[in-house]
Engineer: 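Below: one structure in structure tokens.
When a ligand or atom number is given, it counts from 1 through the structure's own listing order.
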Amino acid sequence: MRQKFVAGNWKMHKDKSETIELISSLKNKLSNFSVITEVAICPPFTSLELASELIKNSTLKLGAQNVHSEPEGAYTGEISAKMLKSFGVEYVIIGHSERRTYFNESNEFINKKIKRAIEFDLRPIFCVGETLNEREAGKTFSVVEEQLILGLQGISESDLLKIVIAYEPVWAIGTGKTATPLQAQEVHFFIREKIKSIYDTKSSEKIKILYGGSVKPENARDLFLQPDIDGGLIGGACLNPDSFFKIILSAE
Ligand code: 13P
């Protein structure tokens with residue numbers, strides 16, 4: 001049995017006071033429940049230090065939304081894995097479709113980031129997923145396969161299990177169009193089979209695969225009930241403590 005995992009990707013939202021408000025409210029809700037689900041929040045860089053203070057004495061874990069592939073150097077505006085680690089960050093989202101699209105991140109660059117994150121003891125949340133055009137052209141599986149093979153190139157079996165995979169169909173992100181539980185399950189199963197063929201059965205059974213794309217309290221439970229869906233990477237709905245909390249409870 002894989003423990004369920006729910007992570008909130010805040011994207012470019014929440015300033016300092018809004019960060020305090022959101023985390024306090026979430027902590028308050030969680031304090032009345034002993035949830036088994038692992039829960040992480042991924043605020044923007046500017047809120048990481050504050051978030052790391054606020055989640056002390058709670059079960060919440062901290063994630064970042066990006067990391068650079070180089071350990072340090074002249075990369076104006078970038079943040080290194082070592083810097084993240086020094087703020088108590090445990091997870092880092094890598095390969096999100098918004099970074100692939102708006103910042104032209106390639107599979108090769110994503111692969112370098114994953115390796116760098118692992119070197120500094122961060123756990124990558126590695127995102128894959130097809131666009132609407134690719135789905136309509138019948139390319140969903142080949143696109144996801146390529147992203148997996150190139151993204152995981154050179155990553156050992158023991159390092160693989162530090163990674164959480166997130167399947168986020170691009171057409172479902174921020175659009176209100178969720179993949180149906182069966183549509184999502186089909187791709188999650190494919191990803192697990194792919195991991196089995198690149199690595200082995202044991203790794204494929206252990207690795208967590210999250211679904212992301214318009215997850216809401218109304219659809220979370222049916223998605224999380226699918227055999228190969230181990231939780232969710234939540235965008236819009238994690239900005240509201242009530243809906244994020246409801247999604248966490250759906251994973252229980
Ligand atoms: P939405 O939940 O807003 O569709 O975003 C999903 C996502 O991109 C999480 O990383």
Engineer: To the nearest 0.1 Å, how far is atom 7 (C) of ligand 1 from its closest protein heavy atom, and which atom is that?
Structural biologist: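 Closest protein heavy atom to atom 7 (C) of ligand 1: E168 OE2, 3.2 Å.
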Engineer: Any idea which atoms of ligand 1 are less than 4.0 Å away from a heavy-atom of G174?
Structural biologist: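 With G174 as reference, the close atoms of ligand 1 come out as 1 (P), 3 (O), 4 (O).
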Engineer: Report yes or no: does R135 contribute a side-chain atom to a donor-acceptor pair with the main-chain N or O of V170 at less than 3.5 Å?
Structural biologist: no
Engineer: Less than 3.5 Å between some nitrogen or oxygen of E98 and one of ligand 1, yes or no?
Structural biologist: no
Engineer: With atoms numbered from 1 as shown, which atoms in ligand 1 lie under 4.0 angstrom from a non-hydrogen atom of S214?
Structural biologist: 1 (P), 2 (O), 4 (O)
Engineer: Nearest 0.5 Å please: distance from the CD atom of E193 over to the CG atom of D228.
Structural biologist: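 Nearest 0.5 Å value for the CD-CG distance: 8.5 Å.
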Engineer: For atom 3 (O) of ligand 1, grab the closest protein heavy atom and report residue, atom and distance to one decimal in Å.
Structural biologist: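 Protein heavy atom at minimum distance: G236 N, 2.8 Å.
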Engineer: Kindly say whether the aromatic ring centers of F109 and F103 come within a distance under 6.0 Å.
Structural biologist: no
Engineer: Give every donor-acceptor pair under 3.5 Å between a side-chain atom in residues 61-69 and any protein atom, sequence neighbours left out.
Structural biologist:
| from | atom 1 | to | atom 2 | distance (Å) |
| --- | --- | --- | --- | --- |
| K61 | NZ | E38 | OE2 | 3.0 |
| Q65 | NE2 | K11 | O | 3.0 |
| Q65 | NE2 | C42 | O | 2.9 |
| Q65 | NE2 | P43 | O | 3.4 |
| N66 | OD1 | K113 | NZ | 2.6 |
| H68 | ND1 | E70 | N | 3.0 |

Engineer: Relative to ligand 1, is S97 under 4.0 angstrom through side chain, backbone, both or neither, heavy atoms considered?
Structural biologist: neither
Engineer: Report yes or no: does A172 have a heavy atom closer than 4.0 Å to ligand 1?
Structural biologist: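 Contact present.
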Engineer: Counting only heavy atoms, which portion of L233 has something under 4.0 Å from ligand 1: side chain, backbone, both, or neither?
Structural biologist: both
Engineer: Parallel, tilted or perpendicular: which describes the rings of H188 and Y167, with under 30° parallel and over 60° perpendicular?
Structural biologist: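 Perpendicular, since the angle between the ring planes exceeds 60°.
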Engineer: Is the shortest distance from a heavy atom of K11 to ligand 1 less than 4.0 Å?
Structural biologist: yes
Engineer: Are F120 and M83 linked, directly or through other ILVMFWY residues, by side chains that come within less than 4.5 angstrom of each other?
Structural biologist: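 No: no chain of side-chain contacts under 4.5 Å links F120 to M83.
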Engineer: Is there a heavy atom in G213 that sits closer than 4.0 Å to ligand 1?
Structural biologist: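 The answer is yes: ligand 1 sits under 4.0 Å from a heavy atom of G213.
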Engineer: For N9, counting its heavy atoms only, list the atoms of ligand 1 lying under 4.0 Å from any of them.
Structural biologist: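 Result: 9 (C), 10 (O).
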Engineer: Please list the nearest protein heavy atom to atom 2 (O) of ligand 1 with its residue and the distance rounded to 0.1 Å.
Structural biologist: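 The closest heavy atom on the protein side is G235 N, 3.0 Å.
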Engineer: Salt bridge (charged side-chain N to carboxylate O under 4.0 Å, His left out) for D121 and K162? Distances and angles first, verdict last.
Structural biologist: CA-CA 9 Å; D121 197 26; K162 296 173 185 157; over 6 Å; no
Engineer: Measure from the side-chain N and O atoms of K206 to the backbone N and O of L161, and report whether any donor-acceptor pair falls under 3.5 Å.
Structural biologist: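 The answer is no, because no donor-acceptor pair under 3.5 Å joins these two groups.
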